[in-house]
Amino acid sequence: MAANIFEAEPIEGKKKRFLTAAFPYPNSPQHIGHARTYSVTDAYARYLRHLGYNVLFPMAFHVTGTPIIAMAQRIAEGDKSVIDVLMNIYGIPKEKLPELTDPKKLVMYFSQEVEQGMKEMGFSIDWRRKFYTFDPHFNKFIEWQFHKLKEAGLLVKGSHPVAWSLKLNSAMGSHDTKGDVDPEIEEVVAIKFPYKDGFLLATTYRPETLFGLTNMWINPEGKYLKIRDKESGEIYYISKGTLDNFSAQRDVDVLEELDGNAIIEGGQCKNPANGEEVPIFPATFVDVESGTGVVMSVPAHAPFDYVALRDLGKEGLAKKIINVPGYDIPAKDIVEKMHITNQQDPKLEQATKRVYKDENMKGKMLVWKEGMPVKEAKEAVKEWLINDGKALRYYIIANGPVYSRAGDKIVVKLVKDQWFITYGNKEWKEKAYQCLEGMKTIPPEIKQELKNTVDWLDRKACTRSRGLGTKFPFDEGQMIESLSDSTIYPAFYTISHLIKDFSPEELTVEFFDYVLLGKGEPINDKHAVLRKSFDYWYPVDSRHSGPDLIRNHLTFYIMNHVAIFPREKWPRQIVINGFVLMDGKKMSKSLGNILPLRKAIKEHGADIIRFSVVSGSDLLQDTNFNRPLVEGIKQRLAFFDDMLKKSSGNGDSFADKWIRESVKAKLSTLRDEIERLDLREISKKWFYDFYYELKWYNDVKNGKIELDDVFDKWLIVLEPLLPFFVADKKGENAVFEPLPEADTYDEATIAAMGVVRDLYSDIANLQRMVEQKSGKKPSNIKIIVPAAWKYRLFERLKAEKGNLKAVYTDESLAQHKEEIMRITKALKNKLYSIPSLPTRDLFEKALEESKAVLATLGSVSVISEEECQHEKAKASLPLKPAVVLE
RNA sequence: GCAGGGGUCGCCAAGCCUGGUCAACGGCGCUGGACUUAAGAUCCAGUCCCGAGUGGGUUCGUGGGUUCAAAUCCCACCCCCUGCACCA
């Protein structure tokens with residue numbers, strides 16, 4: 001396909017459509033799943049061109065952030081699984097690998113691979129506009145975005161907990177960890193229990209149970225530390241194994257190392273909630289690697305504590321402070337019910353979960369604020385303790401231990417001077433709701449999901465300590481995080497090919513203010529052209545992506561647009577498509593079922609891949625790619641090809657008219673289907689259904705194909721789905737031919753042939769049944785054309801929606817009352833929904849013309865009900881003509 | 001916990017918004033046939049139950065309800081899946 005026919009520029013007075021699909025992240029080659037979003041967008045772009053729009057469809061590469069760096073590192077380290085995928089699945093030669101250890105070279109290599117694949121797929125992209133998010137021009141654009149956010153007061157600085165490797169001195173995402181585990185950060189509360197010269201520090205998920213405290217637990221065999229918080233000067237006792245995590249959040253000096261036993265023997269400590277003295281007991285279940293290695297004991301509400309205390313013979317201490325319907329003393333009840341005998345019993349985990357859940361759902365406080373639901377008390381106690389200086393806010397890795405690829409245990413670091421975008425801002429959200437209100441989503445149900453996401457969106461960290469991309473303009477040591485630099489980037493497409501005429505230094509805030517907001521004056525003519533280009537193409541008319549981006553990227557996309565641009569530049573439409581499955585399973589390297597896109601194209605051809613990923617299922621559903629599907633498409637395509645080649649001229653037999661009317665019927669709903677982007681429906685009607693219609697037509701006409709005009713229209717309709725096939729038949733200019741106009745069509749003609757087709761399969765079925773039972777196949781077929789008055793009857797029934805009284809006002813029918821009673825009784829409630837019928841005349845024509853096909857079943861004769869004596873004749877109906885077999 | 005999605009004839013999966021043409025599209029699997037030396041591929045037919053006549057019966061997670069009519073609308077219940085961020 002010629003490279004430049006999809007280069008789009010503003011055309012005065014021509015309506016435009018600007019489509020974008022989420023840009024790819026080239027940290028590996030693309031597989032067939034990546035092709036779906038672009039295939040859908042491309043089909044849409046092509047339909048819009050057929051509808052007369054000036055269409056812009058660009059693409060670029062997203063290279064921001066750390067995964068590309070991580071990928072290069074893995075290759076450098078010789079990571080087996082990564083190299084296996086690259087070499088064995090994507091067929092990358094071994095010699096190439098050393099080059100890919102350089103992130104930038106890796107980006108160039110994979111992005112070229114991706115680009116090549118997209119070109120082979122025939123996507124109608126304006127390639128001049130391609131860019132990378134680490135390009136200096138783009139960096140300037142992103143800087144502008146952040147200036148705008150700051151001006152609007154939407155950037156703030158604060159501290160923020162992140163997963164962190166001390167060894168690598170770097171933040172950890174899931175791709176940085178061993179086994180690709182996503183480290184989950186959880187906020188807990190670390191309560192300060194006055195002890196000797198300082199505090200025993202114990203973490204808990206359940207601060208509200210503090211009032212039921214009976215003692216503390218220390219692991220007698222564990223190592224503990226006495227430390228001093230540099231900021232407050234306070235002294236804490238925690239386990240040695242948790243120091244790394246603690247010191248990543250607070251500056252401390254280590255003063256002394258102690259054995260667990262020494263702590264236990266050191267005396268009592270106090271409950272900060274009420275000043276009560278409580279003892280310290282030894283317990284082996286205490287994990288010195290998690291939390292702070294110190295545990296508070298609430299035996300009435302924690303099964304572990306209850307069992308450990310029972311082992312010491314002190315279970316009588318248990319103090320009930322929460323009332324839960326169905327329990328007396330919850331921990332005691334459940335331990336006894338589950339027959340838990342000692343601290344090592346694995347059932348204790350289960351018991352803890354149950355108690356936790358029941359208390360959280362149904363529990364009410366008996367002390368402190370009596371009657372308060374546990375759910376509220378938990379938060380209230382926590383805030384009270386922290387605000388009163390009785391506890392610390394503390395973060396832990398909830399799914400720990402998680403290890404970095406360097407092998408050290410990941411901790412939670414409290415990063416100071418962290419910048420945030422304040423998505424929690426109420427007025428901002430209000431604008432986002434307004435944008436959603438005026439926006440169309442396909443499918444419609446995703447709008448609610450976008451709304452929900454806007455609802456719970458809060459502040460988001462927008463900088464990171466490392467990664468590719470754009471430097472944060474207000475702190476050059478930080479990089480802008482990757483979801484934050486891909487929000488308003490579609491705006492950059494409108495100018496990306498023109499902006500190269502300027503040097504990055506020229507791209508000041510004022511420069512973009514003029515181009516993107518129309519503020520100020522142009523510095524020169526070229527500058528003015530940029531403004532015009534943006535103003536012509538923006539806003540984005542349709543944004544396409546996968547369902548995984550709804551809760552993050554797409555919501556940020558909306559938020560940033562409404563924050564920065566005036567209302568008329570806000571997004572107009574969002575389209576979501578599902579993933580591609582391989583033989584019903586998700587593609588994954590562990591299953592080894594990844595089909596690289598370029599390999600698939602080589603094997604089956606681009607049209608087949610395009611068609612299989614867009615036609616197979618509803619837009620939002622995952623679609624299944626497998627061999628039978630591909631074979632089915634290929635086989636049908638070959639049949640169409642054959643028909644097209646055979647066709648010559650335009651016939652005017654009944655069958656020709658029938659196909660023509662049927663195509664018109666399909667056309668009548670096509671524009672609506674395009675509007676809904678219901679490519680599945682379009683494929684079904686124009687490819688699968690049409691296939692069977694053509695086959696029947698071919699049989700009826702005995703191979704004489706005269707459908708030039710029909711095929712001409714058909715090819716245009718299929719062009720967006722099968723561009724190569726169509727270009728081959730009609731030339732490349734088919735891309736810009738207008739979509740055939742919708743027209744009225746004749747339902748009766750379609751129905752007439754429908755009745756004959758049904759009749760054919762009914763007769764075949766009957767013959768089979770008779771043959772099975774009697775061993776003889778009846779080959780004399782008498783088709784009885786229903787009496788004229790029956791057609792009249794059905795017409796009236798249809799018009800009157802089954803109201804018989806109205807039908808009887810017709811005198812010509814009233815005389816058949818008795819028979820009508822019998823017919824309608826058999827039809828029962830189908831009376832209310834008579835489908836469109838042929839006239840008797842049309843039916844006879846269809847029958848006459850299809851005789852040759854029917855004759856393949858036996859010797860056929862046609863006789864009208866009026867002149868037939870056979871008793872079966874009475875049963876003949878317009879939609880089910882009677883048949884006599886002998 | 002909060003939010004969203006879903007349970008359809010062996011499997012996958014349409015239909016449900018807009019009730020009737022729905023025994024319910026399509027594909028896989030299975031059965032039979034054609035083709036072939038044979039296998040594969042392909043093509044044709046069948047695939048809930050009953051039936052020597054285009055028909056009848058019972059089905060769409062479970063139980064109710066609305067309606068002339070419910071897979072489709074309403075209510076209740078049971079079960080399953082996904083997301084919860086600072087990461088692309």
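Fair warning: this is a prediction, and the values are worked out from it, not measured in the lab. Side chains included, hydrogens not; waters and symmetry mates left out as well; all remaining heavy atoms used. We name chains A, B, ... by the order of the sequence lines, and we start the count at 1 in each one.
- Nearest-nucleotide positions on RNA chain B for A:Asp689 and A:Glu445 put A:Glu445 closer to the 5' end.
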Distances under 3.5 Å between protein N/O atoms and the N/O atoms of nucleotides 11-15 of chain B, please, pair by pair.
| from | atom 1 | to | atom 2 | distance (Å) |
| --- | --- | --- | --- | --- |
| B:A14 | O2' | A:Arg680 | NH2 | 3.3 |
| B:G15 | OP1 | A:Asp618 | OD2 | 3.0 |

Its contact letters, B for base, S for sugar-phosphate only and - for none at protein heavy atoms under 4.0 Å, make nucleotides 27-36 of chain B read -S--------

Set out, line by line, the N/O atom pairs under 3.5 Å between protein and nucleotides 83-86 of chain B.
| from | atom 1 | to | atom 2 | distance (Å) |
| --- | --- | --- | --- | --- |
| B:A85 | N1 | A:Asp458 | N | 3.4 |
| B:C86 | O2' | A:Ala461 | O | 3.2 |
| B:C86 | O2 | A:Ala461 | N | 2.6 |
| B:C86 | N3 | A:Arg459 | O | 3.4 |

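- For A:Thr66, a side-chain nitrogen or oxygen approaches OP1 or OP2 of B:A88 to under 4.0 Å.
- Counting any heavy atom pair closer than 4.0 Å across all strands shown, A:Ala882 reaches a base atom.
- In this structure, the side chains of A:Tyr395 and A:Gln249 come closer than 4.5 Å at one or more pairs of heavy atoms.
- Using P as the reference atom, B:C49 and B:U58 are 16 Å apart when rounded to the nearest Å.
- Contact annotation: A:Asn765 does not reach the phosphate of B:A45 (side-chain N/O to OP1 or OP2, under 4.0 Å).
- Rounded to whole Å, the separation between the C1' atoms of B:U47 and B:A3 comes to 43 Å.
- Using Watson-Crick or G-U wobble geometry with both donor-acceptor distances under 3.5 Å, B:U37 finds no partner in any strand shown.
- In this structure, B:U58 makes no Watson-Crick or G-U wobble pair, since no nucleotide meets both defining distances under 3.5 angstrom.
- Within the cation-pi definition used here (under 6.0 Å to the ring centroid, within 45° of the axis), A:Arg543 qualifies as a partner of A:Tyr557.
- Residue A:Pro881 is in base contact, counting any heavy-atom pair closer than 4.0 Å across all strands shown.
- We find that NZ of A:Lys880 is positioned 10 Å from C1' of B:G55, with the value rounded to whole Å.
- The stretch residues 447-455 of chain A comes close to RNA chain B through A:Glu449, A:Asn452, each having a heavy atom under 4.0 Å from the strand.
- Straight-line distance from the CD1 atom of A:Ile442 to the P atom of B:C17: 20 Å, rounded to whole Å.
- At B:C25, none of the side-chain N or O atoms of A:Lys685 fall inside 4.0 Å of OP1 or OP2 (strictly under the cut-off).
- Residues satisfying the side chain to side chain donor-acceptor pair (under 3.5 Å) criterion with A:Thr463, sequence neighbours excluded, are A:Gln418, A:Gln478.
- Summarising the base pairing, B:U21 is matched to no nucleotide, lacking a Watson-Crick or G-U wobble pair whose two defining distances lie under 3.5 Å.
- Comparing B:U8 with B:C25, their P atoms sit 15 Å apart, to the nearest whole Å.
- Both distances falling under 3.5 Å, in either a Watson-Crick or a G-U wobble arrangement, occur for no nucleotide opposite B:C87.
- Across the strands present, B:U82 finds its partner in B:A3; the criterion is a Watson-Crick or G-U wobble pair with both atom distances under 3.5 angstrom.
- For A:Phe23 and A:Tyr489, the ring centers sit closer than 6.0 Å to each other.
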Each nucleotide N or O in nucleotides 48-52 of chain B that has a protein N or O under 3.5 Å away: list the pair and distance.
none

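- At a cut-off of 3.5 Å, with distance as the only test, no side-chain donor of A:Thr470 or A:Asp485 sits close to an acceptor on the other residue.
- Here the nucleotide nearest the side chain of A:Tyr25, chosen from B:U54, B:A88, B:C87, is B:A88.
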Please output the side-chain donor-acceptor pairs of residues 755-762 of chain A that fall under 3.5 Å, not counting sequence neighbours, one pair per line with the distance.
| from | atom 1 | to | atom 2 | distance (Å) |
| --- | --- | --- | --- | --- |
| A:Ser761 | OG | A:Asp758 | O | 3.1 |
| A:Asp762 | OD2 | A:Lys880 | NZ | 2.9 |

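- Scanning for ring pair (Phe, Tyr, Trp, His ring centres under 6.0 Å) contacts around A:Phe843 gives an empty result, with sequence neighbours left out.
- Annotation: ring pair (Phe, Tyr, Trp, His ring centres under 6.0 Å) contacts of A:Trp164 (sequence neighbours excluded): none.
- One finds the CZ atom of A:Arg405 at 8.0 Å from the CG atom of A:Leu168 (value rounded to the nearest 0.5 Å).
- Listed for the A:Asn593 side chain is a donor-acceptor partner under 3.5 Å among the backbone atoms of A:Lys586.
- Not counting sequence neighbours, the partners of A:Arg466 by the salt bridge (Lys or Arg N to Asp or Glu O under 4.0 Å) test are A:Asp176.
- B:A34 and B:U82 have their P atoms separated by 49 Å, given to the nearest Å.
- With 3.5 Å as the limit, one finds a donor-acceptor pair spanning the side chains of A:Tyr691 and A:Gln635.
- Closest-nucleotide positions on RNA chain B for A:Asp762 and A:Pro67 were compared, and the one nearer the 5' end corresponds to A:Asp762.
- Atom P of B:G19 sits at a distance of 30 Å from the matching atom of B:C78, rounded to the whole Å.
- Not a single salt bridge (Lys or Arg N to Asp or Glu O under 4.0 Å) links A:Glu747 to another residue, sequence neighbours left out.
- Aromatic pair A:Phe110/A:Phe61: centroids not less than 6.0 angstrom apart.
- With both ends at atom C1', the span from B:U62 to B:G7 equals 11 Å, rounded to whole Å.
- In this structure, A:Phe474 has its ring center closer than 6.0 angstrom to the ring center of A:Phe472.
- With sequence neighbours left out, the salt bridge (Lys or Arg N to Asp or Glu O under 4.0 Å) criterion links A:Asp622 to no other residue.
- Annotation: B:C60 and B:C9 have their C1' atoms spaced 8 Å apart (nearest Å).
- Under the Watson-Crick and G-U wobble criteria, each requiring two contacts below 3.5 Å, nucleotide B:C28 is paired to B:G10.
- Distance check on atom P: B:A85 versus B:C80 gives 24 Å, rounded to whole Å.
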